[in-house]
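Have a look at the structure below, then the notes.
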2 protein chains.
Amino acid sequence: MPASKTSGISILLVDDHPVVRQGYRRVLEHQGDFRVVAEADNAADAYRAFKTHTPDVVVMDISMPGASGLEAIRNIRQRSSSARVLVFSMHSEAALVKAAFGAGASGYVTKSNEPTVLIEAIRSVVRGEHAMSDDVAHALAMESLTPSGSVLDQLGEREIEILRQLAAGSTTEEIAANLNLSMKTVQNYHYLIKTKTGMRTDAQLVRLAVECGLTSL
Amino acid sequence: MPASKTSGISILLVDDHPVVRQGYRRVLEHQGDFRVVAEADNAADAYRAFKTHTPDVVVMDISMPGASGLEAIRNIRQRSSSARVLVFSMHSEAALVKAAFGAGASGYVTKSNEPTVLIEAIRSVVRGEHAMSDDVAHALAMESLTPSGSVLDQLGEREIEILRQLAAGSTTEEIAANLNLSMKTVQNYHYLIKTKTGMRTDAQLVRLAVECGLTSL
DNA sequence: GCGCAGCTCGGGAAATTTTCCCAACCAACC
DNA sequence: GGTTGGTTGGGAAAATTTCCCGAGCTGCGC
């Protein structure tokens, strides 16, 4: 690409751990043509940073406290449908992957991969392609073979997001604020999730979420 | 004790995410006097790597699949009581911190901190000091305001039993039946446990119970 | 285009639970 | 013998859960 803008690929890094971000930054900038133009540690800042910098690609960890990455992806894509978001997560559960792509992600790579996989994925999504690491593809493939894979498949994107935050320990009020919903809606989802999954207490819901990799410990 | 070591601080990195490890490595080696002499992605490999390299310090994420980091710390310290292990974790729960120091860790820093904090902590533990980041200290301090050690120590026999069953997913009705109590009493305990432990949702209660080893998964 | 299905979002209202306060019993302990 | 603390529950107001409902939207097939 002969310089219409500065040559190279501009990147917005989103992850809630500063050291981890710093690490990625070094790994990525080690590639000569990558430039990390901004960082963010939460969904709201990510959106703001995207608006001011309009990076070629957003590399984002979706398991963050508060409003999740899914929300940020949706916001970003709503603002600019040409935006490229590459999810960079610890989890490879099919439901999470689906939710991410459903929200508008262009790629999904887990942290279990070597840096080269991440780098290649970034180049792919910048070219407008979709990308996912082998383990993610494997999880998705496995899941599509079984008619009733995970319990999470019966849940929609919103339901999964709310389940994740519930299991993380957020209150109804916090979730409503995080997702810009009324408490009533969150309560309704909470109830709906319980009936859909057959769980009868919130404790069972937490265990389910942990089992499905929606949240850790 | 070979003085063969070239100058500088030799480090063993333990974390189950390759990209994350790669990132740390770059951040650390950016300091001129740090040398990452080995990496490991699980507890067993960490112990093996420690035996062969005898690094000045082990920087370890304790939330790994399989055998936990705690076990690795214990093994390492058992082999060499002069070994220095710095825990580098996502979590700052008091119970986890205590468990880590109990297992023989020399320091505890969360990933929420800036890289400089990690770097300073490494220098501290190499000097033989103990180190922990502010957020960890804060969590410990908060927790130690209660006259007891573990959060569980402030709970009575009945309260612990009911917490265990709640976290296991039992309903109020089931617990009442199990313990031959009225539902009202169980509800009162449920409430009391939440206020005593400071947890605000049942989900937080489950996580607390799991952290304290009251229940698994 | 048109209907259908499914997700999202919330209102309503009754049933239930949570939240706090309280009293009583019993055992241990100074 | 009084005090402390764990245990057991009642009561009543506040809040949540439960279920049902409708409306807007999107995608899909006919």
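By convention in this document, chain letters (A, B, ...) are assigned in the order of the sequence lines, proteins followed by strands, and residues within each chain are numbered from 1. As the structure is a computational prediction, the values presented were derived from the model and not from experiment.
Between B:R25 and B:R21 there is no side-chain heavy-atom pair separated by less than 4.5 Å.
Distance A:Q154 CD to C:dT8 P: 14 Å, rounded to the nearest Å. A:K196 has its NZ atom 15 Å from the C1' atom of D:dC19, to the nearest Å. Rounded to whole Å, the distance from CG on A:L166 to P on D:dT16 is 13 Å. Spacing between atom CD of B:E159 and atom C1' of D:dG6 amounts to 8 Å, rounded to whole angstrom units. In this entry the distance linking CD of B:E161 with C1' of D:dT8 reads 16 Å, nearest Å. The separation between B:L181 atom CG and D:dG6 atom P is 16 Å, rounded to whole Å.
Take A:N75 and apply the side-chain hydrogen bond (donor to acceptor under 3.5 Å, both in side chains) test, not counting sequence neighbours, and it matches no residue. Here A:S106 pairs with nothing under the side-chain hydrogen bond (donor to acceptor under 3.5 Å, both in side chains) rule; sequence neighbours left out. Take B:K184 and apply the side-chain hydrogen bond (donor to acceptor under 3.5 Å, both in side chains) test, not counting sequence neighbours, and it matches no residue. A:E157 meets the side-chain hydrogen bond (donor to acceptor under 3.5 Å, both in side chains) test with A:R74; sequence neighbours excluded.
Between A:T185 and C:dG10 there is a side-chain N or O to OP1 or OP2 distance below 4.0 Å. Between D:dG9 and B:S182, a contact under 4.0 Å exists linking OP1 or OP2 to a side-chain N or O.
Within the helix from C:dG1-D:dC30 to C:dC30-D:dG1, the inter-axis angle between the opening and closing five-pair segments is 30°, rounded to 10°.
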(request) Encode nucleotides 14-22 of chain C as B, S and - characters from 5' to 3', where the letter depends on protein heavy atoms closer than 4.0 Å: B to the base, S only to sugar-phosphate, - to neither. (result) ---SBBB--
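In this structure, A:Q165 CD and A:L179 CG are separated by 5.0 Å, a value rounded to the nearest 0.5 Å.
Between A:E71 and A:R158 a salt bridge is recorded (basic side-chain N to carboxylate O distance below 4.0 Å).
Minimum heavy-atom separation, A:P55 to A:L12: CG-CB, 3.5 Å.
Between A:F88 and A:Y24, the ring center distance clears the sub-6.0 Å criterion.
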